[in-house]
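I have placed the structure first, in the form of structure tokens, so that the comments after it can refer back to it.
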Amino acid sequence: MSEQEPTRAANFVRTAVAEDLETGRFQRPIVTRFPPEPNGYLHIGHAKAIAIDFGIAQEFGGRCHLRFDDTNPTKESQEYVDAIMRDIHWLGWDWAEHLYHASDYFEQLYQWAVQLIKAGKAYVDDLTADEMRETRGTLTEPGRESPYRHRSVEENLDLFERMRRGEFDDGTKTLRAKIDMNSANLNLRDPVMYRIRKTSHQRTGDTWCIYPMYDWAHGQSDSVERVTHSLCSLEYEDHRPLYDWYLDALGIFHPRQIEFARLNLSHTVMSKRKLLSLVEHGHVRGWDDPRMPTLAGLRRRGYTPEAIRDFAERVGVTKAANMVELAYLEACLREDLNKRAERRMAVLRPLTLILENYPDDQVEEFEAINNPEDPSAGTRKVPFSRILYIEQDDFRDPAPPKYYRLSPGAEVRLRYAYIVKCTGVERDAAGTVTAVRATYDPATRGGDAPGRKIRGTIHWVSAQHAMDAEVRLYDTLFTAPKPDDVDDPTSVLNSTSLEVISGAKVERALGLVAPETRVQFERLGYFVADWRDHTPDRLVFNRTVGLRDTWGKIERTLS
RNA sequence: UGGGGCGUGGCCAAGCGGCAAGGCGCGGGACUUUGGAUCCCGUAUUCGGAGGUUCGAAUCCUCCCGCCCCAACCA
């Protein structure tokens, strides 16, 4: 990684790292690490942490390691490991050859534990989990020492070795650090270092039956890797004294832990437990469901890695609890997509428009601009004929106030084609509009209307050239801005978070796009060809995010 | 309640003793062959509250209030 993108907003982490370099607390290279536990998919909150971990390293010309915190084999799996690596790469970050696992250090950790036992700073305890809870004390009352706390070094060494050999059953013994049962910080009340788990591990298999706890594994892993700055979230602030205690007790390289506030996003949940639950209960169609805040879900939804990184940078880094509005993320997305997505025409809910004075067998082609924000994107030809499809929303009878689209007697521009005037409506027995009739003005070819003020321009697709498509419209998974504040989040699940439209009509150019291609359907929003289901024979698009909708706002105020 | 943190406009967030950046959102206008984009303008006499120090305080001191995290052999 090299130093680039030099001018970024100051934040306390960057400041701290810069100071550490100036004061000589640490020498270059700066080393950070991103330490996911492979027990779920990465989400937008992780994207912020990743941006900080990899970003800081990059800015200071250092490096960032990817280290799987695989200390609990009962919850972890290779599927998650693979997904995590894929998602980080998708975001555009790279750990190069620095891929590590806490399990790489199991033997070293064991040796260090022996060192602490010999120093009289750790002991084997026979208390059960329940007994340990009872003797730990409470927030206001101190804990009590375990009756096994004063075993001799020899006995502890013997017992610990036999724990490793598998002589004891799960839960019957632990190795604990001997710190202070009276500490006001619960983490210092003789924390467990090892527990017995006769479970095979996805990497070490059955080599071990004792597994280190997070606190015992983390700091030491950082130390082994010569990590200078161990950046983590606020909930680990209480763990820092323990982090420091282990490192000092061992007398090894001592990284600095710095904590920042994790990201919270409105209208969604971020805990892996809750996300897992959504998947397992079928509220969504898997971890990569486009409604999920997972990176896999956002990707399938059509988000760009650039937008997510920009968002992570813009929300900043502080220690204040926060709840960022979804609208902010969407603004970053639109900003990126507006510059890069090519425009196409698609009609989601088709309404037939018949041009009475247009020759039956005539077909014209009009030049359409692919991206007004990017001339290099060029143009394309769009076929036009007598019978077209327009959006049902673009015709109203009668027209409400301030409505600039089609209605009986009104004129509107068909994007890139002609000005047309509505002459009539066809209805079925129930009174439902089945088709709209209009005449076109041959003098306005291409859509030019010199001397005339045409307020509305609508999109269309030639019926005989249109292709069918399925379009999936998404809304927030939850109706409540803060589903975490509700007792039962499933009670605020949005029942209309997914709407599948099967009869959409799209211009033929859309039939050629590859999965994951992002486009703007003019006047509707940004869409992406579905990663899994889109094929040349079956077009499937996901709505990534709608366009800013000024008319929608006006309409809502009117009603 | 003991400990650890945090409180700047609706949401993020600069600011670190010299007289409240910026972004998102919102409101208004210009422009427009996307009611998109773009461009203007507006949006905290005030920084959780109350005292105090100072010529001067969001920034320093004191007290108070509120919110978050911690009592897994999870991370």
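Below, chains carry the letters A, B, ... as their sequence lines are ordered, and counting in each starts from 1.
Here A:Tyr404 packs flat against the base of B:G35; its ring centre is closer than 5.5 angstrom to the base's six-membered ring, tilted by less than 30 degrees. With centroids closer than 5.5 Å and planes inclined by less than 30 degrees as the test, A:Trp551 and the base of B:G35 pass as a stacked pair.
Atoms OH (A:Tyr211) and C1' (B:A72) sit 18 Å apart, rounded to a whole Å. Straight-line distance from the CG atom of A:Asn39 to the C1' atom of B:A72: 14 Å, rounded to whole Å. Rounding to whole angstrom units, CD of residue A:Glu235 and C1' of B:G4 are separated by 13 Å. To the nearest angstrom, P of B:C74 lies 11 Å from CZ of A:Arg133. Between the CG atom of A:Leu234 and the C1' atom of B:G3 there is a distance of 15 Å, rounded to whole Å. In this entry the distance linking CD of A:Glu335 with C1' of B:G23 reads 10 Å, nearest Å.
Within 4.0 Å (heavy atoms only), A:Leu127 reaches at least one base atom of the nucleic acid. If you check every strand for non-hydrogen atoms under 4.0 Å, A:Glu373 touches a base. Residue contacts shown for A:Arg189 are absent, as no nucleic acid heavy atom lies under 4.0 Å away. Residue A:Ser183 is out of contact with every strand shown, counting any heavy-atom pair closer than 4.0 Å. Looking at heavy-atom distances under 4.0 Å, A:Arg455 makes no contact with the nucleic acid at all.
Remark: the A:Asn185 side chain and the B:G4 base include no donor-acceptor N/O pair separated by less than 3.5 Å.
Mapping A:Asp215 and A:Leu139 onto RNA chain B by nearest heavy atom places A:Leu139 at the nucleotide closer to the 5' end.
The P atoms of B:A21 and B:U53 are separated by 29 Å, rounded to the nearest whole Å.
Counting all heavy atoms, side chain and backbone alike, A:Glu507 lies closest to A:Met345 at OE1-N, 2.7 Å.
Summarising the geometry, atom CG belonging to A:Leu333 is positioned 10.5 Å from atom CD belonging to A:Glu306; distances are rounded to the nearest 0.5 Å.
For the pair A:Lys421 (side chain) and A:Ala438 (backbone), a donor-acceptor distance under 3.5 Å is absent.
When distances run from any side-chain atom of A:Gln520 to the nucleotides B:G10, B:A71, B:U34, the shortest one goes to B:U34.
The closest side-chain heavy-atom distance from A:Leu159 to A:Lys173 is below 4.5 Å.
The shortest distance between the side-chain N/O atoms of A:Arg195 and the OP1/OP2 oxygens of B:A75 is below 4.0 Å. Side-chain N/O atoms of A:Arg136 include one lying less than 4.0 angstrom from OP1 or OP2 on B:C73.
Between A:His101 and A:Phe68, the ring center distance clears the sub-6.0 Å criterion.
A salt bridge is defined here as a Lys NZ or Arg NE, NH1 or NH2 lying under 4.0 Å from an Asp or Glu carboxylate O, and A:Asp69 with A:Arg33 fails to meet this definition.
In secondary-structure terms, RNA chain B builds stems of at least 3 consecutive Watson-Crick or G-U pairs, each pair having both distances under 3.5 Å, at B:2-7 with B:65-70, B:10-12 with B:22-24, B:25-30 with B:38-43, B:48-52 with B:60-64.
Applying the salt bridge (charged side-chain N to carboxylate O under 4.0 Å, His left out) rule to A:Glu391 yields no partners; only residues at least two apart in sequence or on another chain are considered.
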